[in-house]
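Chain A is the first sequence line, chain B the second, and so forth, proteins listed ahead of strands; every chain is numbered from 1.
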Number of protein chains: 2
Amino acid sequence: AGDSIAGQKVIVKCQGCHGKDGLGRALPGGGEAPNIAGQKYDYLVHSLMAYKARERKSSMMSLVVKNLSDEDIANVAAYYAAIKITVEAPQ
Amino acid sequence: AGDSIAGQKVIVKCQGCHGKDGLGRALPGGGEAPNIAGQKYDYLVHSLMAYKARERKSSMMSLVVKNLSDEDIANVAAYYAAIKITVEAPQ
């Protein structure tokens with residue numbers, strides 16, 4: 001399941017690009033990091049594991065996940081998944 | 001850039017899983033689709049192109065993008081990127 005409180009210790013490695021609030025920031029090399037606020041827990045875990053296995057390619061994310069244990073991944077996913085989002089859909 | 005109004009014609013292929021509001025729904029095979037509401041435009045285009053090139057693997061997304069032109073992709077990315085999201089971060 002993952003522990004969102006324990007995830008608060010992991011996000012130091014994430015927040016430079018994804019924020020504490022999960023909203024993507026401008027990247028040093030140009031472009032923006034994606035939003036992950038309120039993202040589904042299973043999707044976040046799946047994505048991080050895919051970066052770790054290099055099934056998904058991202059030089060930045062490969063570097064970051066290399067030092068995350070499976071428990072860290074579960075906890076940080078729980079942290080970002082726990083952020084409540086509300087949407088305002090276009091008509 | 002992509003035209004979010006034109007994107008409204010494309011989302012018929014997306015909304016079953018991602019909603020008109022961009023919030024992921026439960027999938028028939030189990031699990032949930034990710035949220036894409038208010039996601040960054042460039043990230044959405046990059047993800048869809050990666051599914052089309054099969055650099056990212058997803059049997060569902062491969063099927064869907066196969067029939068999307070580059071223009072469709074730009075327009076549907078603009079549609080979902082235009083959804084305003086607000087977040088409520090944990091303390």
Exercise. Count the heavy-atom pairs under 4.5 Å between each of A:Ala37, A:Gly24, A:Gly38, A:Ser47 and chain B, then report the option with the highest count.
Key: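 The option with the most such pairs is A:Gly24.
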Practice problem: Please state whether the side chain, the backbone, both or neither of A:Glu55 comes within less than 4.5 Å of a heavy atom of chain B. | Solution: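 Answer is backbone: N, CA, C or O of A:Glu55 sit under 4.5 Å from chain B.
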Exercise. Select one option (side chain, backbone, both, neither) describing which atoms of B:Ala33 are under 4.5 Å from chain A's heavy atoms.
Key: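 For B:Ala33, backbone heavy atoms alone lie under 4.5 Å from chain A.
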Quiz prompt | B:Leu23, part contacting chain A, at a heavy-atom distance under 4.5 Å | solution =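 The side chain, not the backbone.
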Quiz prompt | Over 12 foreign heavy atoms within 6.0 Å of CZ, A:Arg54 | solution =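 No.
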Practice problem: Could you grab the distance from atom CE of B:Met61 to atom CG of B:Leu63, nearest 0.5 Å is fine? | Solution: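 It comes to 10.0 Å.
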Quiz item: CG of A:Asp72 to NZ of A:Lys13: how many Å apart, nearest 0.5 Å?
Solution: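 Between A:Asp72 CG and A:Lys13 NZ, I get 6.0 Å after rounding to 0.5 Å.
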Quiz item: If only atom types and distance count, is the side chain of A:Lys52 paired as donor or acceptor with the main-chain N or O of A:Leu68 below 3.5 Å?
Solution: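 Yes, A:Lys52 side chain to A:Leu68 backbone: donor-acceptor pair under 3.5 Å.
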Quiz item: Looking only at atom types and distance, does a side-chain atom of B:Tyr79 sit under 3.5 Å from a main-chain N or O of B:Lys20, one as donor and one as acceptor?
Solution: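 Yes, because the side chain of B:Tyr79 sits within donor-acceptor range (under 3.5 Å) of the backbone of B:Lys20.
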Quiz item: If you tally heavy-atom pairs under 4.5 Å against chain A, which of B:Ile36, B:Asp42, B:Thr86, B:Asp21 wins?
Solution: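 Ranked by contacts with chain A, first place is B:Thr86.
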Self-check item: Greatest number of heavy atom pairs closer than 4.5 Å to chain A - which of B:Arg56, B:Glu32, B:His46
Solution: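 Ranked by contacts with chain A, first place is B:Arg56.
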